[in-house]
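As a basis for the values below, the full set of heavy atoms in this structure was taken, side chains included, without hydrogen atoms, waters or symmetry mates. These numbers were taken from a predicted model, which means no experiment stands behind them. A note on names: the letters A, B, ... follow the listed sequences, proteins ahead of strands, and every chain is numbered from 1.
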There are 2 protein chains.
Amino acid sequence: MPSSLVLDRLLLLSDLLQRDMSRAFDGGPLTTARVHLLWVVHHAGPQTQQSLATALDVTPRNVTGLVDALVESGHVVRAPHPTDRRAVLVTLTGLGADTMRRMAVDHAQLDADLVADLTDDERSIVAGALDRITARLQSLMAAAAAEEGTSVEAERP
Amino acid sequence: MPSSLVLDRLLLLSDLLQRDMSRAFDGGPLTTARVHLLWVVHHAGPQTQQSLATALDVTPRNVTGLVDALVESGHVVRAPHPTDRRAVLVTLTGLGADTMRRMAVDHAQLDADLVADLTDDERSIVAGALDRITARLQSLMAAAAAEEGTSVEAERP
DNA sequence: TATTGTTATACTCTATAACTATA
DNA sequence: TATAGTTATAGAGTATAACAATA
């Protein structure tokens with residue numbers, strides 16, 4: 001009995017998805033935040049912690065902790081940056097790469113399972129609608145951030 | 001460039017929604033977990049912490065901490081249970097009720113904003129599709145839980 | 001004996017601020 | 001002077017286990 005058209009449905013589904021996906025690595029050293037980091041490295045390749053902090057939208061300090069744990073569990077290593085001796089390149093180990101390959105398969109399987117009940121038409125309409133909803137939300141957030149920016153400016157004459 | 005049909009889109013959207021909605025009470029005493037609890041009380045009425053623990057799918061100990069913070073901030077009170085002297089009824093204060101009414105308005109506004117670009121046909125297709133995706137996921141999770149249950153049973157002959 | 005809530009303890013994610021080493 | 005990463009500190013969410021009061 002959602003009182004809203006899509007918001008309540010999206011929130012419920014988000015919650016369930018998070019629970020379901022974290023069930024896969026429950027009990028082990030991996031967590032949602034660590035897997036998120038691995039996912040970025042898997043897709044975008046070895047990169048600095050700064051770059052990861054931007055991609056994950058968290059502080060550099062936070063990345064330090066996540067990488068520490070992933071080094072401890074053997075999923076990544078800190079490789080020296082070829083030209084900048086301040087920086088490190090967070091790089092997947094064999095274990096890390098294997099883990100991500102397995103997760104990608106599970107991910108694709110889950111995606112296919114989720115839309116199993118939908119017709120082709122419905123699938124393309126839903127995909128397009130989700131893209132437009134996302135774009136809409138991003139534009140709303142950008143507008144809110146800009147407004148907050150000006151009001152912060154106003155507070156610093 | 002989502003590699004999956006709906007999963008990547010849903011995960012991205014979830015993340016943005018969470019960030020956007022938590023922006024509203026950023027800096028104040030409220031947090032996502034506390035607002036979630038308030039939401040349940042607002043909709044289902046005064047109830048015990050056990051009941052909240054079940055509704056939120058967290059441990060009773062966790063509820064104690066959330067209620068402590070919400071009592072401190074003046075959003076709820078612990079009222080005595082009429083018949084069970086062990087239990088308390090978590091109840092909204094005037095501030096708590098006002099806060100939730102305002103949030104419900106914002107919630108409805110956001111919902112309307114999100115689907116502003118969609119046609120009526122698209123809206124109903126998306127709503128129906130999300131319901132079926134959710135049902136599908138719930139059934140997958142129930143099956144996984146059942147299987148885990150049997151294997152746990154198997155380990156205890 | 002079972003249930004409600006709490007105290008005790010611990011781990012994870014997250015943030016800010018100050019600091020070191022390097023650019 | 002600015003940037004990359006770390007140490008120090010803190011708050012929040014979450015969990016398990018042991019315990020009190022009450023059913």
Side-chain angles (χ1 to χ4, degrees), chain A residues 14-15 18-19 21-23 25-41 46-73 75-91 152, chain B residues 14-15 18-19 21-23 25-41 46-73 75-91 152:
Chain A
S14 301
D15 195 61
Q18 239 175 281
R19 289 183 193 284
M21 297 197 317
S22 64
R23 194 178 42 76
F25 40 80
D26 195 33
L30 293 181
T31 63
T32 302
R34 292 171 195 171
V35 168
H36 194 172
L37 189 152
L38 289 178
W39 198 253
V40 172
V41 177
Q47 57 198 285
T48 65
Q49 295 188 183
Q50 277 296 331
S51 159
L52 287 169
T54 303
L56 300 174
D57 199 16
V58 296
T59 59
R61 177 60 184 90
N62 198 341
V63 173
T64 298
L66 296 174
V67 172
D68 283 350
L70 288 166
V71 168
E72 172 81 23
S73 63
H75 291 88
V76 305
V77 292
R78 285 185 171 99
H81 191 287
T83 65
D84 187 338
R85 283 194 299 167
R86 295 171 304 179
V88 299
L89 287 181
V90 176
T91 309
V152 167
Chain B
S14 301
D15 195 60
Q18 240 175 280
R19 289 183 194 282
M21 298 198 316
S22 64
R23 195 178 41 78
F25 39 80
D26 194 33
L30 294 180
T31 63
T32 302
R34 292 171 195 171
V35 168
H36 194 173
L37 188 152
L38 289 178
W39 197 253
V40 171
V41 177
Q47 57 199 285
T48 65
Q49 296 188 181
Q50 276 296 332
S51 159
L52 286 169
T54 303
L56 300 173
D57 199 17
V58 296
T59 60
R61 177 60 185 91
N62 197 341
V63 173
T64 298
L66 296 174
V67 171
D68 282 350
L70 288 166
V71 168
E72 171 83 22
S73 63
H75 291 88
V76 305
V77 292
R78 285 186 171 99
H81 191 287
T83 65
D84 188 339
R85 282 194 299 166
R86 293 171 306 178
V88 300
L89 287 181
V90 177
T91 309
V152 167

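- Remark: C1' of dG13(D) and CD of Q18(B) are 13 Å apart, rounded to the nearest angstrom.
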Please tabulate, one pair per line, each protein N/O and nucleotide N/O from nucleotides 15-22 of chain D that are separated by under 3.5 Å, including the distance.
residue: dA15(D); atom: OP2; partner: T59(B); partner atom: N; Å: 3.0
residue: dA15(D); atom: OP2; partner: T59(B); partner atom: OG1; Å: 3.4

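- At least one side-chain nitrogen or oxygen of T64(B) sits closer than 4.0 Å to the OP1 or OP2 atom of dT6(C).
- Within 4.0 Å (heavy atoms only), V88(A) reaches sugar-phosphate atoms of the nucleic acid but no base atom.
- We find that CG of L37(A) is positioned 15 Å from P of dT12(C), with the value rounded to whole Å.
- Here the closest heavy-atom approach between residue L30(A) and residue F25(A) is recorded as O-CD1, 3.4 Å.
- The distance from atom NE2 of H36(B) to atom C1' of dA12(D) is 17 Å, rounded to the nearest whole Å.
- Side-chain atoms of S51(A) never come within 3.5 Å of backbone atoms of Q47(A) as a donor-acceptor pair (strictly under, hydrogens ignored).
- Residue Q49(A) places no side-chain N or O under 4.0 Å from the OP1 or OP2 atom of dA4(D).
- Nearest nucleotide to the side chain of R78(B), out of dG5(C), dT12(C), dT6(C): dT6(C).
- Rounded to a whole Å, the CG atom of L30(B) is 10 Å from the P atom of dG13(D).
- Looking at heavy-atom distances under 4.0 Å, T32(B) makes no contact with the nucleic acid at all.
- In terms of position on DNA chain C, the residue among P60(B) and P29(A) whose nearest nucleotide sits closer to the 5' end is P60(B).
- Looking at L38(B) and R34(B), their side chains never come closer than 4.5 Å, going by heavy atoms from C-beta outward.
- Between D68(A) atom CG and dA4(D) atom P there is a gap of 18 Å when expressed in whole angstrom units.
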Could you tabulate the donor-acceptor pairs under 3.5 Å formed by side-chain atoms of residues 62-73 of chain B, not counting sequence neighbours?
residue: T64(B); atom: OG1; partner: P60(B); partner atom: O; Å: 3.3
residue: D68(B); atom: OD1; partner: R78(B); partner atom: NH1; Å: 3.0
residue: D68(B); atom: OD1; partner: R78(B); partner atom: NH2; Å: 2.9
residue: S73(B); atom: OG; partner: A69(B); partner atom: O; Å: 3.2
residue: S73(B); atom: OG; partner: L70(B); partner atom: O; Å: 3.3
residue: S73(B); atom: OG; partner: H75(B); partner atom: ND1; Å: 2.7

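- Atom CG in D26(B) sits about 15 Å away from atom P in dT14(C), given to the nearest Å.
- When the C1' atom of dG13(D) is taken as reference, atom CG of L52(B) falls 16 Å away, rounded to whole Å.
- Residue S51(B) is classed as having no contact, given no heavy-atom separation below 4.0 Å to the nucleic acid.
- The phosphate of dT14(C) has neither OP1 nor OP2 within less than 4.0 Å of any side-chain N or O from R19(B).
- D15(B) has its CG atom 15 Å from the P atom of dC13(C), to the nearest Å.
- With respect to V41(B), the side chain to side chain contact (heavy atoms under 4.5 Å, CB included) criterion is satisfied by exactly one of V90(B), L89(B), T91(B): V90(B).
- Using a 4.5 Å heavy-atom threshold, the side chains of R19(B) and D57(A) count as touching.
- Between the side chain of R23(A) and the main chain of Q18(A), no donor-acceptor pair closer than 3.5 Å is present.
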